[in-house]
Amino acid sequence: MASRKASNKRQRGGQKSSSNVFSMFEQSQIQEFKEAFGCIDQDRDGVIKKQDLKETYAQLGKLNVKEEELDEMLNEGKGPINFTVFLTLFGEKLSGTDPEDTILAAFKLFDPNGTGFLSHCCKWAADKFTAEEVDQAFALAPIDPTGNIDYKSLCYIITHGDEKEES
């Protein structure tokens, strides 16, 4: 009987089953998402609705948000956006990065000797970007004193984030 009540409660809350979205994030990240969700869920009913989004935008100083824009945001949830759906949406957005081994394999193409480093000057071979764009892209790259990029560490930063940014 107790499991039937719990099941009904989940259905009322609009919660969808997911492939344990909570395991995609560390506990501290989940707490940050929970705080963000609480800020957006203006009426504190556990579900983000159009009025919640309007009020959140108003608090941020944006008063003329188009209805279509709000509908588009809400439609990404494919139903009521409770915290689990909210977390799932972020998980889908954040998992857009290629797996670390794929990025590593791409960098290895430019490292025929298998040193784990790319010559800093090789970045200028990319004629599709300005020098400023390249510098910006490699701003977080671990570079040794001779100007070589440690691409294994860079792959880790790309896929897991930079500890320096978080502190």
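With rounding to the nearest 0.5 angstrom, the CD1 atom of Ile81 is 9.0 Å from the CD1 atom of Ile40. With values rounded to the nearest 0.5 angstrom, Leu74 atom CG is found 8.5 Å from Ile48 atom CD1. From Cys155, atom SG reaches atom CG of Leu104 across 4.5 Å, with rounding to the nearest 0.5 Å. Atom CD in Gln27 sits 11.0 Å away from atom CD in Glu32 (nearest 0.5 Å). Residue Lys152 holds its NZ atom at 13.0 Å from CZ of Phe107, rounded to the nearest 0.5 Å. Residue Leu154 holds its CG atom at 8.0 Å from CG of Asp150, rounded to the nearest 0.5 Å.
Shown here are the side-chain hydrogen bond (donor to acceptor under 3.5 Å, both in side chains) partners of Asp144, two or more places apart in sequence or in another chain: Thr146. The side-chain hydrogen bond (donor to acceptor under 3.5 Å, both in side chains) search around Gln29 returns none, not counting sequence neighbours. Residues forming a side-chain hydrogen bond (donor to acceptor under 3.5 Å, both in side chains) with Gln59 (at least two apart in sequence, or on another chain): Gln42. For Phe33, the ring-ring contact (aromatic ring centres under 6.0 Å, His included) test picks out Phe25, Phe90, with sequence neighbours left out. Judged as a ring-ring contact (aromatic ring centres under 6.0 Å, His included), and not counting sequence neighbours, the contacts of Phe37 are Phe83, Phe86.
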Check: Is there a side-chain contact (heavy atoms from CB on, under 4.5 Å) between Val65 and Leu70 once you walk through the steps?
Finding: CA-CA 7 Å; Val65 184; Leu70 297 172; 3.6 Å; yes

Next item on the list: Go through Ile103 and Tyr151 one step at a time and tell me if the side-chain contact (heavy atoms from CB on, under 4.5 Å) criterion holds.
Entry: CA-CA 9 Å; Ile103 298 170; Tyr151 66 83; over 6 Å; no

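Among residue pairs with one or both ends in residues 47-62, those qualifying as salt bridge (Lys or Arg N to Asp or Glu O under 4.0 Å) are Asp43-Lys49, Asp45-Lys49, Lys49-Asp52, Lys50-Glu67, Lys50-Asp71, Lys54-Glu67, Lys62-Glu69; sequence neighbours excluded.
Residues Asp41 and Val47 have side chains not in contact (no heavy-atom distance under 4.5 Å, counting atoms from C-beta outward). The shortest side-chain heavy-atom distance between Val85 and Pro80 does not fall under the 4.5 Å cut-off. Looking at heavy atoms from C-beta onward, Ile149 lies out of side-chain contact with Phe117 at the 4.5 angstrom threshold.
With hydrogens and angles ignored, the 3.5 Å screen pairs a side-chain donor or acceptor of Asp111 with a backbone N or O of Gly116.
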